[in-house]
Undergrad: 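Before we start, here is the structure in question, set down as structure tokens.
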There are 2 protein chains.
Amino acid sequence: MGASCIIRHFEFYSPLTDQDKKLLDSLEKAPRCVVKNESVWQEGASTDHFYTVRKGWMYAYRNMEDGTRQVLDIFVPGDIVGLREFAFRKRISGLTALTDAEICPFPKKRMLDVFSQSLLLCHIFFMIASRDQSILLERLVNLGRRSAKAKLAHFLVEISRRLEKTNVDIGNHYRIPLSQGLLADALGLSAVHVNRTFQELKEEGLVNPRHGGIELLDLEGLKAVAGFDPSYLEEDVHGLLAEARARHIAT
Amino acid sequence: MGASCIIRHFEFYSPLTDQDKKLLDSLEKAPRCVVKNESVWQEGASTDHFYTVRKGWMYAYRNMEDGTRQVLDIFVPGDIVGLREFAFRKRISGLTALTDAEICPFPKKRMLDVFSQSLLLCHIFFMIASRDQSILLERLVNLGRRSAKAKLAHFLVEISRRLEKTNVDIGNHYRIPLSQGLLADALGLSAVHVNRTFQELKEEGLVNPRHGGIELLDLEGLKAVAGFDPSYLEEDVHGLLAEARARHIAT
DNA sequence: TCGGCGGCATGACATAAGTTAAGAAACAAA
DNA sequence: TTTGTTTCTTAACTTATGTCATGCCGCCGA
């Protein structure tokens, strides 16, 4: 295949013109491979690039003074990482690979070219930023006002949803490579309590925790215990981009 | 004065050309007044507009099934609200006025005009989105990995920082019109515990809780108990926008 | 001026989640 | 294989925070 990473992702939102594709393709640099647990950047590093995830999983985190840490987000193939720090000179969170992975760098400075040359791409970038915020907002709700059990279930359902939506083929969707310790740091819990909670979910036949990963057995059941409402993941892709596309092509 | 709401805000980021100002001004509708506790929109409402806050305070929230709620963000004069839902047809959170307020609507559809006509404005919008995400990220850390006391202190310091940064004159910065119940919903705590925690902060001379509001007495002290690191609020305004401005004017 | 109500204050008690510790699996490397 | 490392599991115990209940204060509207 060899198709550009970011083009594939963007085509999920809207068909692109050849010109758009050429533009994106010219800006994307050669893919970079990272191995499991390799750090891509650390807090304080320069923000000169962002990346699209082509293969594998990544996570963003923040280390706290007291030695504890907060995992801020998990990224799956097709996601864009680092766009968040667009406005900043330095990274405010670290990024490391959860599994062996392949990522495609994209120089931040070239965003100017994109914005000035393609109204459609500009719009798509904006949609992605909006979607990212929506996910963060839901994570806030999760941390603030749900029980440990609901937190876990909700998080797992979200991840599985995001996997389904990606344009990238990742094989079996339901084997999630997150350790209980990482989940704990993502959900603001202790690893021990995550384990306890998993035992409950396991008894109810909802999940099957394995070494270094989780198998989701009953998505509907998980949604029920999470009180999962998917609307925060359902962008208005077509309505919003139709006009942008029309005007863009007319130019 | 009567200067446009959004222009004033944008000029915080960069000087604008007359053309940019004209563009923004033509898109902004007449300001709308809302009284304390008035709802601007509810979950599920249409996302056809976003707003700039000219006067007063607002908050975004999400009501949970079990009757509890999560306050997602507080907005102060100069902030833009509703941009988050750019990619969505329906609002995923409610917005209501915390005090009497004045907000300026801006039709979402006209974003196309902005993006196509001004590279600089497009960039500024992107910066704002990035900054918003940064704030959400920090709030995640706050909810996930800090004690009640640190949560409170951190939140208060953030608000005071954001107040200082705004271009809008709001009189005394340090009288914050948040009730303890609202703070509780913002921080994922119970109102009772927020009260207990306030007693501690009060004993230490850091704050002075009054009816329906809080006075910050010792910002440095609050920063210390919060472990506050301001970098997540410090955008690279000038570096990033300089080139956009240069190219924009050259056109 | 008064009454009512939303917000504050505080105590007693309940509980979800954290901590510590120790052993068992699973994996990775030699 | 053997060894070492990470992750999971479980138990006993501690603690931060939630819940319930009650009274008070200070606004705002009649």
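By convention in this document, chain letters (A, B, ...) are assigned in the order of the sequence lines, proteins followed by strands, and residues within each chain are numbered from 1.
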Undergrad: Send over the distance from A/Glu200 CD to D/dT10 P, rounded to a whole Å.
TA: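 Distance check: A/Glu200 CD to D/dT10 P gives 12 Å.
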Undergrad: Under 3.5 Å, is there a donor-acceptor pair between the B/Lys29 and B/His49 side chains?
TA: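 Judged by distance alone, the side chains do pair up.
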Undergrad: Under the side chain to side chain contact (heavy atoms under 4.5 Å, CB included) rule, what do A/Glu28 and A/Cys5 come out as? Steps first, then yes or no, please.
TA: CA-CA 8 Å; A/Glu28 186 173 300; A/Cys5 218; 3.5 Å; yes
Undergrad: May I ask you to decide if A/Tyr232's main-chain N or O and A/Ser134's side chain share a donor-acceptor pair within less than 3.5 Å?
TA: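 Checking the backbone N and O of A/Tyr232 against the side chain of A/Ser134, a donor-acceptor pair under 3.5 Å is found.
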Undergrad: Would you confirm whether B/Glu102, through its side chain, and B/Val53, through its main-chain N or O, come within 3.5 Å as a donor-acceptor pair?
TA: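 Flag not set: sc B/Glu102 to bb B/Val53 has no pair under 3.5 Å.
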Undergrad: What is the distance from NZ of B/Lys151 to P of D/dT17, rounded to the nearest Å?
TA: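 It works out to 7 Å between those atoms.
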Undergrad: Given 3.5 Å as the limit, does a donor-acceptor pair link the side chain of A/Arg145 with the main chain of B/Arg69, or not?
TA: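 Judged by distance alone, yes, a pair lies under 3.5 Å.
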Undergrad: Are the side chain of B/Thr52 and the backbone of B/Ile80 linked by a donor-acceptor contact shorter than 3.5 Å?
TA: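 Answer holds: no.
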Undergrad: Separation of A/Leu201 atom CG from D/dT9 atom C1', in whole Å?
TA: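 For the pair A/Leu201 CG and D/dT9 C1', the rounded distance is 16 Å.
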Undergrad: Atom NE2 of A/His193 to atom P of D/dA12: distance rounded to whole Å?
TA: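 For the pair A/His193 NE2 and D/dA12 P, the rounded distance is 17 Å.
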Undergrad: Roughly, in whole Å, what's the span from CZ in A/Arg145 to P in C/dA17?
TA: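 It is 13 Å, rounded to the nearest whole Å.
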Undergrad: Just report the end-to-end axis angle for the helix from C/dT1-D/dA30 to C/dA30-D/dT1, five pairs per end, to 10 degrees.
TA: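 Roughly 60°, once rounded to the nearest ten degrees.
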Undergrad: Assign a letter to each nucleotide of nucleotides 4-10 of chain C from its 5' end: B, base within under 4.0 Å of a protein heavy atom; S, sugar-phosphate only; -, no contact.
TA: --BSSBB
Undergrad: What is the distance, to the nearest angstrom, from the CG atom on A/Asp185 to the C1' atom on D/dT7?
TA: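 From A/Asp185 CG to D/dT7 C1': 14 Å.
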Undergrad: To the nearest 0.5 Å, what is the distance between CD on B/Gln42 and OH on B/Tyr61?
TA: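 Here the interatomic distance stands at 5.0 Å.
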Undergrad: Please give, in whole Å, the distance from D/dC8 P to A/Leu183 CG?
TA: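 Between P of D/dC8 and CG of A/Leu183: 9 Å.
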Undergrad: Atom CG of B/Asn208 to atom P of D/dG26: distance rounded to whole Å?
TA: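 It is 13 Å, rounded to the nearest whole Å.
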Undergrad: Ignoring hydrogens and angles, tell me if any N or O in the side chain of B/Asp100 forms a donor-acceptor pair with the backbone of B/Lys36 under 3.5 Å.
TA: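 Yes, because the side chain of B/Asp100 sits within donor-acceptor range (under 3.5 Å) of the backbone of B/Lys36.
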Undergrad: Keeping A/Trp41 on the side-chain end and A/Ser93 on the backbone end, is there a donor-acceptor pair under 3.5 Å?
TA: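 Side chain of A/Trp41 to backbone of A/Ser93: a pair is present.
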